[in-house]
Novice: 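What follows is a structure written as C-alpha cells; I'll ask about it next.
Side chains are part of it too, since the values below use all heavy atoms of this structure and drop only hydrogens, waters and symmetry mates. All figures in this text were calculated on a predicted structure; none of them were measured in a lab. In this chain, numbering begins with 1 at the start of the sequence shown.
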Amino acid sequence: MGSQSYEDAIEALKKLIIEKDDLKTVAAAKVEQLTAELKTALSSDGKSFDPVERIKQGFVTFKKEKYDTNPALYGELAKGQSPKYMVFACSDSRVCPSHVLNFHPGDAFVVRNIANMVPPYDQVKYGGVGAAIEYAVLHLKVENIVIIGHSACGGIKGLMSFALDGNNSTDFIEDWVKICLPAKSKVLAETGNSAFEDQCGRCEREAVNVSLANLLTYPFVREGVVKGTLALKGGYYDFVKGAFELWELQFGLSPVHPI
C-alpha cells in the first residue's frame, strides 16, 4: 500500500468524524494516533519499507564493495573452507558474531540459536546441534570452539522467569532454555536477594559455562581437548557498554584408559 492510500484512509476517517456527531474526542484522538503511527512506518523518502528491495540492494552493495574487490579470498573459498573457529552465538539480531568480532568469510563456522546454548550429547533430541559440532571438529578440524553470551538476552530472561515445572506455556522455548537450568540454580543460590536484572546478567555468563561443560559430553570434543588439538572458550558481548570478555575454563581432563 502506497503513502497516498494511507493519506486517503486518514482523510476518510476525519470526514466521518465531522459527519457523525456521536464520534467525539476519543475517536478524534484515535485518528491522530493512527496518523502518527502511519507516518512513523514510512521511511524518510516517503516510501514504505520494501523487504525484497532491501535484500536486493544489500546483495548489490556486498557484491560491489566486498566480493568484487576480494577475488583472491573468494577464489580460495570456492575451493573449500578451513575455519579456525566454531562459534555458538545467540540468534538475537543485535549480536552477529561476524560483525562484532570482524570475522571474514571462512574464519568461523557459526551456529546461532536461542541464548547461544549447547545441549548435552543426545543423538535423538539434539541431533542438529550434534551434527554441527561433529562436522566442525572431525571434518573441518576447527581449533577453537567459542560460546558467546550477551547482554539483555531474551532467552536468559526467559530461563530466569519461567517456572519450568512442566506446565509449559510455549511449544519449544521453555524446553530449550532449561538446557542451562543449572546456571539458573547456581545464580539463584548465590544471588537470591539481588535484583532480577542483575541475576539475568550473572546468568548470561554462567549459562556459557554450562554450555562449555556440555561440550565435553561429545566424545570427539573431549578427545580433542585431552589431546590439545581443541580449545574451548567462553565469551560475553555487552552491546550496551561496547565491551567484550573472553575466558577459558580449565577442566583438568585426562585421557580415558580402557580397563
Side-chain angles (χ1 to χ4, degrees), residues 77 79-93 95-101 103-150 153-156 158-159 172-184 186 203-237 244-256 258:
L77 293 177
K79 302 174 185 178
Q81 60 171 325
S82 55
K84 298 295 184 183
Y85 299 93
M86 179 182 194
V87 175
F88 279 89
C90 187
S91 299
D92 192 304
S93 61
V95 296
C96 175
S98 294
H99 185 74
V100 172
L101 299 179
F103 282 143
H104 299 294
D107 285 349
F109 186 73
V110 180
V111 175
R112 299 184 68 176
N113 59 43
I114 298 298
N116 44 267
M117 293 184 180
V118 178
Y121 183 96
D122 188 321
Q123 290 179 300
V124 176
K125 193 173 183 179
Y126 301 120
V129 175
I133 298 172
E134 181 178 19
Y135 186 73
V137 175
L138 297 184
H139 297 274
L140 296 179
K141 307 294 184 183
V142 298
E143 299 172 3
N144 302 274
I145 300 181
V146 186
I147 303 173
I148 305 173
H150 70 91
C153 181
I156 295 300
L159 171 63
F172 300 100
I173 298 173
E174 283 156 287
D175 280 337
W176 175 259
V177 298
K178 70 180 182 183
I179 288 170
C180 286
L181 186 57
K184 175 180 180 177
K186 181 178 180 180
C203 192
E204 287 162 358
R205 293 173 173 83
E206 196 56 49
V208 170
N209 291 335
V210 170
S211 288
L212 286 171
N214 284 344
L215 279 172
L216 294 175
T217 64
Y218 295 80
F220 35 85
V221 171
R222 183 184 177 92
E223 182 179 5
V225 172
V226 170
K227 289 182 176 180
T229 59
L230 182 63
L232 309 183
K233 296 177 173 62
Y236 183 80
Y237 171 48
F244 190 87
E245 303 169 22
L246 187 67
W247 65 89
E248 186 170 359
L249 295 184
Q250 299 298 325
F251 295 103
L253 297 177
S254 58
V256 175

Novice: Can you classify the ring geometry of Trp176 versus Tyr126 as parallel (below 30°), tilted (30 to 60°) or perpendicular (above 60°)?
Specialist: perpendicular
Novice: Tell me the ring-ring contact (aromatic ring centres under 6.0 Å, His included) pairs involving residues 210-233, sequence neighbours left out?
Specialist: Tyr121-Tyr218
Novice: To check you understand the geometry: which heavy-atom pair defines the closest contact between Arg222 and Leu216, and what is its length?
Specialist: CB-O, 3.8 Å
Novice: What heavy-atom pair brings Leu159 and Cys180 nearest, and what distance separates the two atoms?
Specialist: CD2-O, 3.5 Å
Novice: Any side-chain heavy atom of Tyr85 within less than 4.5 Å of one from Val142?
Specialist: no
Novice: So, Glu204 side chain and Cys153 main chain: donor-acceptor pair closer than 3.5 Å or not?
Specialist: yes
Novice: For the residue pair Val210 and Ile179, what are the closest heavy atoms and their distance?
Specialist: CG1-O, 4.0 Å
Novice: What are the two closest heavy atoms between Val177 and Gly155, and how far apart are they?
Specialist: CG1-O, 3.7 Å
Novice: Nearest 0.5 Å, please: how far is OG1 in Thr229 from CD in Glu223?
Specialist: 7.5 Å
Novice: Taking the side chain as everything from C-beta on, heavy atoms only, tell me whether Leu215 gets closer than 4.5 Å to Ile147.
Specialist: yes
Novice: Quick one: pull up CE in Met86 and CG in Asn144 and give me the separation to the nearest 0.5 Å.
Specialist: 12.5 Å
Novice: Looking at every non-hydrogen atom in both residues, tell me the closest pair between Leu140 and Gln81 and how far apart they are.
Specialist: CD2-CG, 3.7 Å
Novice: Out of the candidates Val95, Leu101, Val208, Val100, only one should pair with Ile148 under the side chain to side chain contact (heavy atoms under 4.5 Å, CB included) rule; please name it.
Specialist: Leu101
Novice: Kindly check if the number of other-residue, nucleotide or ligand heavy atoms within 6.0 Å of NE2 (His139) is above 12?
Specialist: yes
Novice: What donor-acceptor contacts under 3.5 angstrom involve side-chain atoms of residues 104-114, with partners at least two apart or in another chain?
Specialist:
{"unit_1": "Asp107", "atom_1": "OD2", "unit_2": "His104", "atom_2": "N", "d": "2.7"}
{"unit_1": "Arg112", "atom_1": "NE", "unit_2": "Cys90", "atom_2": "O", "d": "2.8"}
{"unit_1": "Arg112", "atom_1": "NH2", "unit_2": "Cys90", "atom_2": "O", "d": "2.9"}
{"unit_1": "Arg112", "atom_1": "NH2", "unit_2": "Asp92", "atom_2": "O", "d": "2.8"}
{"unit_1": "Asn113", "atom_1": "OD1", "unit_2": "Asn116", "atom_2": "N", "d": "3.2"}
{"unit_1": "Asn113", "atom_1": "OD1", "unit_2": "Met117", "atom_2": "N", "d": "2.9"}
{"unit_1": "Asn113", "atom_1": "ND2", "unit_2": "Met117", "atom_2": "O", "d": "3.0"}

Novice: State the CH2-NZ distance between Trp247 and Lys233, to the nearest 0.5 angstrom.
Specialist: 13.0 Å
